[in-house]
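Fair warning: this is a prediction, and the values are worked out from it, not measured in the lab. Every chain is numbered from 1 and lettered A, B, ... according to where its sequence line falls, protein lines coming before strand lines.
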Amino acid sequence: MAKRVVVGLSGGVDSSVAAYLLKKQGYDVTAVFMINWHDKTGVLDADCPWDEDVLFAEMVAKKLGIPFHVEDLSVPYKKRVIDYMFSEYERGRTPNPDVLCNREIKFDEFFKATEKFQPDFVATGHYCKKEETEVQGNRVYRLMAGDDPNKEQSYFLCQLSQEQLSKTLFPIGHLRKEEVRKIAREQKLASADKKDSQGICFVGKVHLPDFLQQKLEPREGNIFEIPANSPLYNNGQPDSLEAQITPIKYKISDGEFVGKHQGAHFFTIGQRKGLQVGGKKEPLFVISTDVEKNRIFVGQGQTHPGLYRKGLHIHRDEIHWVRSDLTMQTGEIRNYMVRIRYRQALEKATLYMKDGGMYIIFDEPQRGVAAGQFAAWYEGGELLGSGVIG
RNA sequence: UGACCCGUGGUGUAAUUGGCAACACAUCUGAUUUUGGUUCAGAAGAGUCCAGGUUCGAGCCCUGGCGGGUCAA
């Protein structure tokens, strides 16, 4: 008897080909489209985001001859992703809604919503791979980077658990985007040449200030420029772990007033656009925000020392091991490759496990380390764990 | 009050011996990107504080205003 798989069919080319491959491999495939967002406030391209997608999904399902269902997960999506996003921005942090979307919705609510189809697996069109191994007699699932270096999406799944992985299939992780499109064309799938989706998953491409202003009030505040040669950057030898992970707390007197903003919580570290301060020789980048006092501190040029940090800290409660069998014990030190943002190169780092949490110290200072984003550590193409940057 | 300097796109600057204004930043659009980080490409945007004058022709020369600054007392 064929194994049964529910595939999350989004209407895009990736999940379409995933469904096709599963069918070809002999699975009993059921397609389910999730609706997660109705509101169009602040969304660009107001041309009906999902009603078009659902049409594509249905066409693909029909073409493949597989059952097609729609599940509305917009209530939990709002509660578990969007609300989190607002509250993080409000606290002056930079959330990653898509990581949450995967952990909370696609690999949780969606699992529950499709239980009625009694699937053996749930599949998605992510560019990553699952492998299995055995550790001391126990089966262990490994989350591997996708083979297309350009589309590789393991980072977005960095918060998945063994439990979630055990039920998951990633049919296209070994393919490159061109190959996926080629297959889709050969099979004449409606989504073959559909443009890749962008923006916050399910919500779509948004004008962030407008979107955030549904909940967060604009508040005028001041912008201060910190000179690159500020004495703040010469503080001796910051060799202690604590010193290396602690961001500088800037004061007004450290810099010079250069302009006004409409709310410090709308900005993230490393951001260039939207400051509306011109007349500088080089572009200004946000190096720090103070939401309580509603101040933004900026530095001039790509190489401004304030843009870089040697390390970061993850609170004990926020540490997540995809490979739970590899969990570090207090006092342990390991070397892994780490990334702190999607599509960023992996960087060499040393992880120190302490009582309060994990310290990640990079070999080279990293640009734009933003609280709220996820740091994910890898070894040999496998994502081992991740955590919210504190 | 006396002397000197300055006044150019949103901002900061540039424009050889006078020949219809350049660059950077900001802005906008597009590309890239399942996080408005970044990056990349393109576009728009001033007729040069005002009023006169010299000249074939002035942002650049002259005169007078207005505005800002520096030094002097």
Open item on the list: Less than 4.0 angstrom from a charged side-chain N to a carboxylate O is my criterion; do A/D147 and A/K129 meet it?
Closed with: yes
Strictly by Watson-Crick or wobble contacts shorter than 3.5 Å, is anything paired with [N], and which nucleotide is it?
{"N": "B/G9", "answer": "none"}
{"N": "B/U70", "answer": "B/A3"}
{"N": "B/U63", "answer": "B/A51"}
{"N": "B/A14", "answer": "none"}
{"N": "B/G57", "answer": "none"}
{"N": "B/A26", "answer": "none"}

Starting at [atom1] of [X], measure out to [atom2] of [Y] and round the result to the nearest 0.5 Å.
{"X": "A/D108", "Y": "A/R103", "atom1": "CG", "atom2": "CZ", "answer": "9.5 Å"}
{"X": "A/Y359", "Y": "A/M353", "atom1": "OH", "atom2": "CE", "answer": "10.0 Å"}
{"X": "A/L216", "Y": "A/F211", "atom1": "CG", "atom2": "CZ", "answer": "10.0 Å"}
{"X": "A/R367", "Y": "A/I269", "atom1": "CZ", "atom2": "CD1", "answer": "11.5 Å"}

[atom1] of [X] versus [atom2] of [N]: gap in Å, rounded?
{"X": "A/M85", "N": "B/U34", "atom1": "CE", "atom2": "P", "answer": "17 Å"}
{"X": "A/R272", "N": "B/U32", "atom1": "CZ", "atom2": "C1'", "answer": "15 Å"}
{"X": "A/D98", "N": "B/U34", "atom1": "CG", "atom2": "C1'", "answer": "5 Å"}
{"X": "A/Y77", "N": "B/U35", "atom1": "OH", "atom2": "P", "answer": "11 Å"}
{"X": "A/Y127", "N": "B/U34", "atom1": "OH", "atom2": "P", "answer": "9 Å"}
{"X": "A/K177", "N": "B/U32", "atom1": "NZ", "atom2": "C1'", "answer": "13 Å"}
{"X": "A/R93", "N": "B/G37", "atom1": "CZ", "atom2": "P", "answer": "17 Å"}
{"X": "A/E225", "N": "B/C25", "atom1": "CD", "atom2": "C1'", "answer": "11 Å"}

Can you check the distance between [N] and [M], where both ends of the measurement are the [atom1] atom (answer in whole Å)?
{"N": "B/G67", "M": "B/A43", "atom1": "C1'", "value": "34 Å"}
{"N": "B/G53", "M": "B/G59", "atom1": "P", "value": "15 Å"}
{"N": "B/C25", "M": "B/U16", "atom1": "C1'", "value": "26 Å"}
{"N": "B/U38", "M": "B/U32", "atom1": "C1'", "value": "11 Å"}
{"N": "B/A44", "M": "B/U54", "atom1": "C1'", "value": "37 Å"}
{"N": "B/C61", "M": "B/G19", "atom1": "C1'", "value": "14 Å"}
{"N": "B/U29", "M": "B/G45", "atom1": "P", "value": "16 Å"}
{"N": "B/C56", "M": "B/A15", "atom1": "P", "value": "27 Å"}

Proximity to RNA chain B (any heavy atom under 4.0 Å), residues of [range] only:
{"range": "residues 151-161 of chain A", "answer": "A/K151, A/Q153, A/F156"}
{"range": "residues 276-307 of chain A", "answer": "A/Q276, A/V277, A/G278, A/G279, A/K280, A/K281, A/E282, A/P283, A/F285, A/Q302"}
{"range": "residues 249-269 of chain A", "answer": "A/T268, A/I269"}
{"range": "residues 341-349 of chain A", "answer": "A/R341, A/Y342, A/R343"}

Can you give me the closest heavy-atom contact between [X] and [Y], atom names plus distance?
{"X": "A/C101", "Y": "A/Y77", "answer": "SG-CE1, 3.8 Å"}
{"X": "A/V286", "Y": "A/L307", "answer": "O-CD2, 3.8 Å"}
{"X": "A/Q159", "Y": "A/Q164", "answer": "O-OE1, 4.0 Å"}
{"X": "A/I66", "Y": "A/A31", "answer": "CD1-CB, 3.8 Å"}
{"X": "A/P227", "Y": "A/G255", "answer": "CD-CA, 4.4 Å"}
{"X": "A/I287", "Y": "A/Y233", "answer": "CD1-OH, 3.7 Å"}

Open item on the list: According to side chain to side chain contact (heavy atoms under 4.5 Å, CB included), who are the partners of A/K167, at least two apart in sequence or on a separate chain?
Closed with: A/F111, A/E163
Open item on the list: Checking A/D148 now: which residues fulfil side chain to side chain contact (heavy atoms under 4.5 Å, CB included) with it, not counting sequence neighbours?
Closed with: A/Y127, A/N150, A/K151, A/R176, A/K177, A/E178
Open item on the list: Does A/E134 form a side chain to side chain contact (heavy atoms under 4.5 Å, CB included) with A/N138? I'd like the steps, not just the answer.
Closed with: CA-CA 5 Å; A/E134 229 173 70; A/N138 296 317; 5.9 Å; no
- [ ] Take the angle between the ring planes of A/F117 and A/H69 and call it parallel below 30°, perpendicular above 60°, tilted in between.
- [x] tilted
Open item on the list: Need the glycosidic conformation of B/G47: syn if within 90° of 0, anti if not. Which one?
Closed with: syn
TODO: Establish, with yes or no, whether the OP1 or OP2 oxygen of B/U34 is under 4.0 angstrom from a side-chain nitrogen or oxygen of A/K195.
DONE: no
Task: From B/G37, B/U34, B/U39, nucleotide with atom closest to A/Q271 side chain - done: B/G37
Task: 5′-ward residue of the pair A/G274/A/Q373 relative to RNA chain B - done: A/G274
Open item on the list: Applying the side chain to side chain donor-acceptor pair (under 3.5 Å) criterion to A/N294, which one of A/Q262, A/H265, A/H261 satisfies it?
Closed with: A/H261
